[in-house]
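Working notes, beginning with the structure itself.
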Amino acid sequence: ILEVTALRIKMQRERGIMSRQRMAESLNISAGDDIDIDDVWFDEADLMADHIAGILAKWECIDDDIWAKIIVMQKNHRVAKAFVRTPVLTVNGRKEVGFNGEVLGLAGFENTLMDSDTERVLNVVGEGCRLKMDDGGNIMVKMTSKEKIFCRSSSDFRESKNTKNVELDINIPHKLFDMRKFQHTISREMRRDNPDWGKVRQQAISSLAFVQGCPEVLDQPVWIMVINIVALDLLRSRLDSVKKVTLAADDETVGKIGDKQQCKEEDPYFSGLKAKVPPFVNQDAEKHQILGHPVSWHRKVGPSPPVRNPSK
């Protein structure tokens with residue numbers, strides 16, 4: 001009797017295992033599928049915050065000549081990410097490239113979650129566009145493809161539900177990121193009693209959608225996020241300058257205690273990092289244009305507060 005009972009229990013367990021296997025197959029899930037939940041987002045605010053946090057965590061390892069980070073998205077799934085240091089980055093639909101430092105091929109990355117809409121868009125992206133940074137820290141984009149490309153500026157990205165995509169014109173440069181607006185945003189936030197620097201950092205992000213744009217960012221079949229590293233650098237240096245001015249006004253003893261407390265309480269992004277200030281903050285913007293993010297933009301000494309033009 002005991003042997004029969006044990007046999008029945010074993011058969012029930014086997015049937016349970018088989019039923020789970022059938023259920024997994026019906027849901028199209030298998031142990032070999034390369035699905036990483038860390039690369040999928042369901043909220044665009046979380047998407048932006050996570051990528052900004054990732055940059056800040058690696059800030060000391062980012063070279064001086066890197067001016068942007070590109071995140072390649074297919075709807076709500078991240079398929080690639082890359083730092084950009086080349087003066088001009090070409091983004092197209094090539095499948096054999098992936099990323100080689102100068103060219104980003106949108107179809108060159110595998111995605112087990114790719115649907116028919118995404119595949120259709122990738123097949124018609126064509127020549128895509130070109131991205132570069134000018135001497136003022138602005139990011140410029142020029143569409144070279146016959147297919148449509150839509151952009152959202154950094155300030156509009158957060159209001160995607162109420163803002164329409166801007167369609168680019170072929171071979172006409174468009175300012176994807178406006179550094180002057182970003183500086184105004186910093187100045188305005190500094191006047192607030194409780195500034196939201198996380199919100200300001202997220203305005204360093206712009207986006208480009210290829211072929212097909214959607215009101216909801218995470219529904220776009222093929223799109224990229226462009227994160228302006230120089231803008232984040234500028235924000236960090238401005239806040240570091242304010243911190244130094246505040247500490248200088250305190251008594252020496254109180255200042256030392258306050259500095260220790262700030263190191264524990266404030267965002268680690270601003271703790272223990274030396275400033276690297278782009279000269280366009282203090283220099284005339286009419287100087288000759290240099291493509292990319294020159295090493296000369298950064299200084300290894302403490303920053304000076306930007307010189308404001310009283311006439312503006």
Side-chain angles (χ1 to χ4, degrees), residues 39 41 47-48 51 65-134 138-154 156-157 160 164-177 204-214 216-230 289-293:
D39 292 332
W41 282 265
L47 171 67
M48 292 188 291
H51 283 91
D65 54 351
I66 290 174
W67 56 270
K69 185 173 184 178
I70 305 293
I71 310 297
V72 182
M73 302 289 297
Q74 293 177 6
K75 293 193 173 179
N76 67 336
H77 184 217
R78 182 182 65 194
V79 297
K81 53 185 177 179
F83 284 108
V84 182
R85 67 179 77 232
T86 184
V88 179
L89 176 69
T90 299
V91 183
N92 57 32
R94 295 177 62 181
K95 186 176 182 179
E96 66 277 6
V97 175
F99 179 70
N100 63 7
E102 297 181 353
V103 178
L104 179 68
L106 296 174
F109 307 100
E110 295 183 1
N111 179 10
T112 57
L113 302 180
M114 184 184 300
D115 58 17
S116 58
D117 288 341
T118 301
E119 188 173 1
R120 176 185 60 81
V121 170
L122 287 174
N123 290 333
V124 296
V125 168
E127 296 298 322
C129 63
R130 294 179 181 177
L131 295 166
K132 71 175 182 180
M133 175 172 282
D134 64 19
N138 305 299
I139 295 181
M140 309 297 297
V141 57
K142 179 187 289 187
M143 184 176 74
T144 55
S145 173
K146 296 180 180 179
E147 297 295 333
K148 295 180 180 180
I149 297 179
F150 303 89
C151 74
R152 277 187 174 91
S153 67
S154 50
D156 293 337
F157 193 83
S160 59
K164 294 182 179 179
N165 285 313
V166 176
E167 184 175 346
L168 301 182
D169 296 320
I170 190 169
N171 291 326
I172 297 179
H174 178 82
K175 188 178 290 186
L176 180 64
F177 177 90
I205 301 176
S206 307
S207 72
L208 290 171
F210 295 83
V211 182
Q212 178 181 333
C214 300
E216 294 288 346
V217 174
L218 299 180
D219 290 338
Q220 297 174 144
V222 179
W223 61 290
I224 64 174
M225 289 197 304
V226 184
I227 306 176
N228 192 328
I229 300 296
V230 177
Q289 188 179 42
I290 303 176
L291 297 178
H293 181 186

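The residues of the chain are indexed from 1 along the displayed sequence. Keep in mind that the numbers below use all heavy atoms, side chains included, and drop hydrogens, waters and symmetry copies.
The two residues G128 and I149 make their nearest non-hydrogen contact at O-CD1, 3.5 Å. The shortest non-hydrogen separation linking G93 to V125 is N-CG1, 3.6 Å.
Counting only distance, with no hydrogens or angles, the side chain of T118 and the backbone of Q74 share no donor-acceptor pair below 3.5 Å. A donor-acceptor distance shorter than 3.5 angstrom exists from the side chain of H51 to the backbone of L47, with no hydrogens or angles considered. Side chain of N76 to backbone of L218: no donor-acceptor contact under 3.5 angstrom is found. With S207 contributing its side chain and M225 its backbone, the two residues share no donor-acceptor pair below 3.5 Å.
Side chains of D117 and V222 form no contact here, defined as non-hydrogen atoms less than 4.5 Å apart. Residues W41 and V217 are not in side-chain contact: their nearest non-hydrogen atoms beyond the backbone lie 4.5 Å or more apart. Contact of the V72 side chain with the W223 side chain is not registered, since no non-hydrogen atoms from C-beta on lie closer than 4.5 Å. Residues L168 and C151 have side chains in contact (heavy-atom distance under 4.5 Å, counting atoms from C-beta outward). Between W67 and V230 the shortest side-chain heavy-atom distance falls below 4.5 Å. Using a 4.5 Å cut-off on side-chain heavy atoms (C-beta onward), C129 and L208 make contact. In this structure, the side chains of F210 and P221 stay at 4.5 Å or more apart for every pair of heavy atoms.
Here the CZ-CG distance, from R130 to N92, works out to 10.0 Å after rounding to the nearest 0.5 Å. From M140, atom CE reaches atom CG of D134 across 6.5 Å, with rounding to the nearest 0.5 Å. Separating the CD1 atom in I205 from the CD1 atom in I71 is a distance of 8.5 Å, to the nearest 0.5 Å.
Here the rule is side-chain hydrogen bond (donor to acceptor under 3.5 Å, both in side chains) with K75, and of N111, D219, D115 only D115 fits it. For the side-chain contact (heavy atoms from CB on, under 4.5 Å) test with M133, the passing option among V88, V84, N228, N138 is N228; the others fail.
Taking a 6.0 Å sphere around CD of E147, one finds it holds more than 12 heavy atoms contributed by other residues, nucleotides or ligands. Heavy-atom neighbours of E96 CD from other residues, nucleotides or ligands within 6.0 Å: above the threshold of 12.
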Next on the checklist: For V91 and F99: C-alpha separation, side-chain torsions, deciding distance, then whether side-chain contact (heavy atoms from CB on, under 4.5 Å) applies.
Outcome noted: CA-CA 9 Å; V91 183; F99 179 70; over 6 Å; no
